[in-house]
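Computed from a prediction, not measured in an experiment: that's the story for all the values here. Throughout, a chain's letter reflects where its sequence line sits, starting with A, and its residues are numbered from 1.
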Amino acid sequence: MEFLSDIASLINSTLRISTPLVFAAMAGIFAERSGVIDFSLEGKMLMAAFVAAVGSYYLGNPWLGLLLAIIVCVCLSMLHGFASVTHKGDQVVSCVAINILIIGLTTALAAAWFGQAGLTPTLNENQRFLEIHLPFADALRDIPVIGTLYSDILSGHYVFVYLAYLSVPLVFWIVFKTSFGLRLRAVGENPSAVDTAGINVFTMRYKALAINGVLIAFAGAHLSTAVNANFFREMSAGRGYLALAAMIFGKWHPKTALIACLLFGFTDALQIRLQGVELPAIGEIPVQLIQALPYILTVVLLAGFVGKAIAPNAIGQPYIKER
Amino acid sequence: MVSPILELTDINKSFGHVQANKKINLKINKGTIHGIIGENGAGKSTLMSIVFGLYQANSGSIKINGKEINLRSPRDSIINGIGMVHQHFMLVENFTVLENIILGFEGETVFGEKLQKAKEDLEKLCKTYNFNIDLDATISDLSVGFRQRVEILKSLYRGAEILILDEPTGVLTPQEVDELFKILRSLKDEGKTIVLITHKLIEIMDLTSEVSVMRQGEMVGHTKTEDTSKEQLAEMMVGRSVLLRVDKKEIKKGETIFKVNNLSVKDDLDVTRVKDVNLEICSGEILGIAGVTGNGQTELLEALSGIRKVESGSIELFGEKISDQNNFLNPRMLKEKGLAHVPEDRQRMGLIGDFKAYENLIFGYHDQEPYSKSAILNNKEITEYSNKVMQEYDVRPNSPNLITSNFSGGNQQKIILSRELNENPKVLLVGQPTRGVDIGAIEFIHQRLIDMRDKGAAILLASVELDEILSLSDRIIVMFDGKIVGEKENKNVTDRELGLLMAGVA
């Protein structure tokens, strides 16, 4: 019985830990399917976390914090678009600039506003998202298997967790079942074909980036106003990059990207679970080694276990119409 | 009196300092096939891109059916009944035929009814014009000829009344060209208007009823096709009279000096692209390799010139084995043994575009006397040599200090040729020597190759231009799918025979 609840809690934390990865990976799919590289997921997630925390601290409502985060992230995406779509700059450089800017900006603004470098005040219960307990969760807990599944795994998550997993089929539907999705995929593969079909390539890429900004804001808000009750320095901790890796591992496809995110989430959950645990024959594994697990997995997976990842054909190339 | 369906008045267009179109006037009559001919860089494609709304003219007006219209984007043109088949197809390779065709004209936000309707409409169109296209096929699985049909179908589906085709035959086998012309004629009979952009005189004579000639951004003449001749058109295109036939002396064949035995070569993706190829070239002989692009010619040339590793088999020069799977000589060592190479892709492999002309003229020999002494470049010597050789090869403009990428394709090719021919090679490997080169320069390049042959060099010529193969080669081999599928002495061979071999059907 204890084994079962162990498993349940592991799955539960996998779902929670994967949440920002899923949002970020979906955000990445929109940008990269349109042909724009987005390394700035990391920076945008960090900015969203900061803005959401500050917003709900001042406005007293986490939803308003989220809204602010969305606005700011869309603006950052537009900035990336302005540099790399309109002015045809190098997309990676633009992303790196955004990432560095935001690490400094969040630290400095927190110091200026709250007197502590890179730390925002703790949010009270009204200022943050709380766990949602699904109806009858307590009553059903004792039913074997179904009870565990419902009460311990499905129930008791933050709103973002549910939204993240609902976003995956939605993204799939948009990308593969709508005319917008067709144009999105086309513009990342062969922008000239899109242009000659009478569609504005730049507008398409900006639209994709706007959606990217909205989605990544959810990831940041999840970190600072749900899982934690404040923003702290560099709290995104490489999740943006991890999500990008998951997206590539998932071959720019929402379903497989989801699986990759869950895999990364699972190793992370596992490493937390394994900390301080004595394993038979091996003994206690150093914390540092365990914590490195998800990142090692990323490298190993990307290095060759998944086969050749075929990126959208026109990725990273600014569209130049006239010679 | 037929009324013009499309009328251009005083169109001007410049890119930076380059004026691509100067005061162009053009009238195209409804229901005709109208040819626009001119050399590379004459401004034909730019003009048609303006008509298609891809570029905007700096000044001038465009009338369709007598009504002046403002074309700000391809969408405006498509709505006004203009369709264009570009030289490089505008297709998304990993989409299906259907997806490519409806792109931009889906008619609904979420796919459903309209998609079904589009499919039915397209199937009808395919039947009408006998296109034989599977709408659910992925583009990357289709041959070039079929991709072109998809492009035509796309334009028709979008309601094109005027169909512009930009150099449509460059990538097709002669049989595919026949099919295309059949389609174009049937479209004309349906009342569609066709604009054919080309630099091939024979196509103009075959297909069009009227022709307009462009030279250096200007429209230099309009005429009815029946009132003109190939020679006259060529003269209008170049601005002087041109020799269309190459004069070739009787072959003086020497001993076999270059020999390839059972050669197989893999490409970067580890796919075998050259399969068990055997060939011999004698001194004083030009061996032509015909074939549709991508049938192993590139990899063969790369292997022979020491750029690509040999998978199996061997290469012999003067009876000495120079390469097999275990060891191969690099291009530099081959050069010392008297082998020169004019690569297919001159921008990528033949030249360094950002270098000045004089640097490219000596590149590869730059560390030898007299161009350098004790590892220091001898600029005086280099400049002198450059001036001399650029005059000799008629490179225009005649300025060694100009950045190489600013020369036209033909002049870039002359720079490479002068460098490779300068040392009087025994074996010369030439890939696509006149791709993107204007007629005037073609004449010059062909003459140089013939001169080399007459001087006793063994020349291997790979080209996708059948005319070029037929007019230069003494012997012709055809490559298909990495194999040599045919070998013929160049006597009474027709392009039809070669075409069948090239398509892999004979």
Side-chain angles (χ1 to χ4, degrees), chain A residues 29 32-35 86 88 169-208 211 250-254 256 304 307-315 317 319-323, chain B residues 13-16 18 20 41 45-46 49-50 52-56 71-80 82-96 98-112 114-115 118 139-140 150-151 154-155 157-158 164 166 269:
Chain A
I29 284 175
E32 302 223 334
R33 280 277 186 176
S34 83
T86 305
K88 309 176 198 324
L170 184 68
V171 169
F172 176 81
W173 183 75
I174 292 174
V175 172
F176 292 102
K177 303 287 176 196
T178 67
S179 61
F180 174 81
L182 185 75
R183 295 170 179 198
L184 177 82
R185 285 180 286 138
V187 83
E189 288 289 337
N190 186 353
S192 306
V194 173
D195 197 4
T196 52
I199 306 160
N200 190 317
V201 172
F202 302 112
T203 314
M204 269 315 293
R205 290 192 168 163
Y206 273 109
K207 280 184 189 166
I211 299 174
K251 303 192 169 156
W252 292 266
H253 199 289
T256 32
K308 201 168 156 48
I310 298 167
N313 207 4
I315 199 163
Q317 301 161 10
Y319 181 57
I320 298 166
K321 191 155 107 179
E322 299 197 349
R323 36 187 187 149
Chain B
K13 173 71 184 173
S14 46
F15 296 102
V18 183
S45 297
T46 305
S49 294
I50 290 171
F52 189 57
L54 212 52
Y55 300 157
Q56 278 69 47
L71 302 171
R72 282 153 309 176
S73 82
R75 188 162 207 98
D76 294 339
S77 298
I78 294 167
I79 290 167
N80 281 296
I82 300 172
M84 183 159 175
V85 176
H86 296 262
Q87 193 173 3
H88 303 284
F89 300 145
M90 298 298 178
L91 296 170
V92 180
E93 294 228 343
N94 57 4
F95 277 19
T96 64
L98 182 65
E99 284 174 322
N100 266 293
I101 291 174
I102 60 165
L103 181 67
F105 295 83
E106 301 88 351
E108 56 192 355
T109 315
V110 181
F111 291 130
K114 293 269 175 65
L115 189 71
I139 297 295
S140 54
V150 173
E151 286 278 31
K154 186 166 88 178
S155 291
Y157 175 72
R158 291 171 183 177
I164 304 167
D166 189 359
L269 300 172

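- Put simply, CG on A/Leu182 and CG on B/Asn100 are 8.5 Å apart, with the number rounded to the nearest 0.5 Å.
- Note: A/Asp195 leads A/Asp195, A/Asn313, A/Asn200 in heavy-atom pairs under 4.5 Å with chain B.
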Please lay out, stage by stage, how B/Val92 and A/Arg185 fare under the test side-chain contact (heavy atoms from CB on, under 4.5 Å). CA-CA 9 Å; B/Val92 180; A/Arg185 285 180 286 138; over 6 Å; no
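- Interface remark: of the candidates B/His86, B/Met90, B/Met84, B/Arg158, B/Met90 forms the most heavy-atom pairs closer than 4.5 Å to chain A.
- Between the side chains of B/Asn94 and A/Glu189, at least one donor N or O lies within less than 3.5 Å of an accepting N or O.
- Closest approach of A/Thr196 to B/Pro74, counting heavy atoms only: O-CB, 3.9 Å.
- Proximity of a side-chain donor or acceptor of A/Arg183 to a complementary backbone N or O of B/Gly104 within less than 3.5 Å is detected.
- Only the side chain of B/Phe52 comes within less than 4.5 Å of a heavy atom in chain A; its backbone stays farther off.
- At a 4.5 Å heavy-atom cutoff, the contact between B/Leu103 and chain A is made by backbone and side-chain atoms alike.
- In A/Lys88, the NZ atom is crowded: over 12 heavy atoms of neighbouring residues, nucleotides or ligands sit closer than 6.0 Å.
- Contacts between B/Phe95 and chain A at a heavy-atom distance below 4.5 Å involve the side chain alone, from C-beta outward.
- Between the side chain of A/Ser179 and the backbone N or O of B/Glu108, at least one donor-acceptor pair lies under 3.5 Å.
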Can B/Glu93 and A/Asn190 be said to form a side-chain contact (heavy atoms from CB on, under 4.5 Å), step by step? CA-CA 8 Å; B/Glu93 294 228 343; A/Asn190 186 353; over 6 Å; no
